[in-house]
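Naming convention: chains lettered A, B, ... in sequence-line order (proteins, then strands); numbering from 1 in each chain. FYI, side chains are in, hydrogens and waters are out, and symmetry mates aren't considered; it's all heavy atoms of this structure.
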Number of protein chains: 2
Amino acid sequence: MAGMSHRPLNATAASLLGFLHNGPQTGWDLVATAQGSIGAFWSITQSQVYRELAAMAQAGLVTAGEREARDRRPYTLTDAGREAFAEWVARPPDPELIRFPLLLTVVFGAQIPPDVLAGHLAHHRELHAKRLAEYEALGELADPYAQATLDFGLRYERAVRDWFDALPESIRSGIA
Amino acid sequence: MAGMSHRPLNATAASLLGFLHNGPQTGWDLVATAQGSIGAFWSITQSQVYRELAAMAQAGLVTAGEREARDRRPYTLTDAGREAFAEWVARPPDPELIRFPLLLTVVFGAQIPPDVLAGHLAHHRELHAKRLAEYEALGELADPYAQATLDFGLRYERAVRDWFDALPESIRSGIA
DNA sequence: TGGTACATGTAACATGTTACATGATTAG
DNA sequence: CTAATCATGTAACATGTTACATGTACCA
């Protein structure tokens, strides 16, 4: 079966397989796990999780277990799933994608009432300050890999904060 | 017509309207304009541009001009389009979305051959170093709003570089 | 006269989002 | 008994991506 041709996994599906390396989990649990551990740089919705699990079960990468209490249905990684994950991991990761609507409003600053723009900026500065505080409150993580991604988040949030603070007064405060 | 109910614009469509404030442009030109000025934090494809232009023409936000040489078809902003743009910028921008596949591989580091992970990291470090050099080569921009977004890019890329360089040796070099 | 860049568009599909429908279990 | 939480799933739609088809104009 080694040479079987399957289209490569998408990163969302692959990450579910990644989590299943730690043992069987239900869709519900996977949503919580994913949002908690990779949510900051890989958004995943409930709908997607159930869809990918169904597709991967179809493809034999996971197997759906019997329904337990509360209809919980645990999914288990198969050997084929393990192999698909290994293949995914070996391919060079795509470059990151950033979609930052606030920067769009900044670019079009000349077409926007200065106080409106300043309000958007102030609001987002707050959001980011909160997120930075949350990251800092986490302290040191036991898992060095998780710690590495947290470190990314910390550096990112500090860079964003510094950016806000370095904006020209005319843009930041809405005083033309 | 002020109270007409239309679903709010998506950010991609809105940004096209933003660019059309500087005068009529063809789809082709808009793709180049967009990729050059907001491409770093808002990806836009050609397909999307033609689709959004057609939809916005339908909705009366832009008007398609006569075909010129080489079948060029310039689109012009209408008053309704100007209004729709103004409504869009008044709404608070959504938080940014970051999708960073490399960080997924880092999170699953324990399930990945160390040299494979180290290779991915080295490759991406290179990519980011190049991008930072490109940004730095741009120098000061005349438009303060464009400069503000460039400044974001510079700070982001420096944060990413510093993150790479601060990774634990065991992760970065693949030496277990 | 042949290749390259310009230019528009469609088709097919993958991915992501939002809202809803349904029911089980727990806690107060 | 009732509200909140747990849990699965579907439906409908929006957005994004890739590949292709078609033709124009320039330039070597």
Could you work out the complete set of other residues in the hydrophobic cluster of B:Trp28, with links drawn between I, L, V, M, F, W and Y side chains under 4.5 Å apart? B:Tyr50
Should B:Thr45 be listed as having a side-chain N or O under 4.0 Å from OP1 or OP2 of D:dT18? no
Could you tell me the separation between the CD1 atom of B:Ile44 and the P atom of D:dG16, rounded to a whole number of Å? 8 Å
Length of the CZ-P vector between B:Arg67 and D:dT24, whole Å: 11 Å
Please list all pairs passing the salt bridge (charged side-chain N to carboxylate O under 4.0 Å, His left out) test where one or both residues lie in residues 106-130 of chain A, with sequence neighbours left out. A:Arg125-A:Asp165
Determine which pairs satisfy ring-ring contact (aromatic ring centres under 6.0 Å, His included) with at least one residue from residues 78-115 of chain A, sequence neighbours left out, and list them in order. A:His21-A:Phe85, A:Phe85-B:Phe108, A:Phe100-B:Phe152, A:Phe108-B:Phe19, A:Phe108-B:Phe85
Any chance you could measure A:Ser43, atom OG, to A:Gln48, atom CD, to the nearest 0.5 Å? 6.5 Å
Report the residue (A:Asp71 or B:Asp71) whose heavy-atom-nearest nucleotide on DNA chain C is the more 5′ of the two. B:Asp71
How is the hydrophobic cluster of B:Leu141 composed, in terms of its other members, when Ile, Leu, Val, Met, Phe, Trp and Tyr link through side-chain heavy atoms under 4.5 Å apart, directly or indirectly? B:Leu132, B:Tyr135, B:Leu138, B:Leu150, B:Leu154
Find the distance A:Trp28:CH2 to C:dT25:P and express it as a whole number of Å. 15 Å
Does C:dA7 have OP1 or OP2 sitting under 4.0 Å from an N or O in the side chain of B:Arg72? yes
Between A:Trp42 and A:Glu68, which is nearer to the 5' end of DNA chain C once each is assigned its nearest nucleotide? A:Trp42
Closest of C:dT8, D:dG9, D:dC6 to the A:Arg73 side chain is D:dG9
Can you spot which of B:His124, B:Arg99, B:His128 makes a side chain to side chain donor-acceptor pair (under 3.5 Å) with A:Glu96? B:His128
What is the distance, to the nearest angstrom, from the CD atom on A:Glu66 to the P atom on D:dA7? 18 Å
Between D:dG16 (P) and A:Ile98 (CD1): distance, integer Å: 15 Å
Give every pair of a protein N or O atom and an N or O atom of nucleotides 10-15 of chain D that lie under 3.5 Å apart, one pair per line with the distance.
unit_1	atom_1	unit_2	atom_2	d
D:dT10	O4	A:Ser47	OG	2.9
D:dA11	N6	A:Ser47	OG	3.2
D:dA14	OP1	B:Arg7	NH2	2.4
D:dT15	OP2	B:Asn10	ND2	3.1

Rounded to whole Å, how long is the line connecting atom CD of B:Gln25 with atom C1' of C:dC6? 15 Å
Can you list every pair that meets salt bridge (charged side-chain N to carboxylate O under 4.0 Å, His left out) and has a residue in residues 13-34 of chain A, with sequence neighbours left out? A:Asp29-A:Arg72
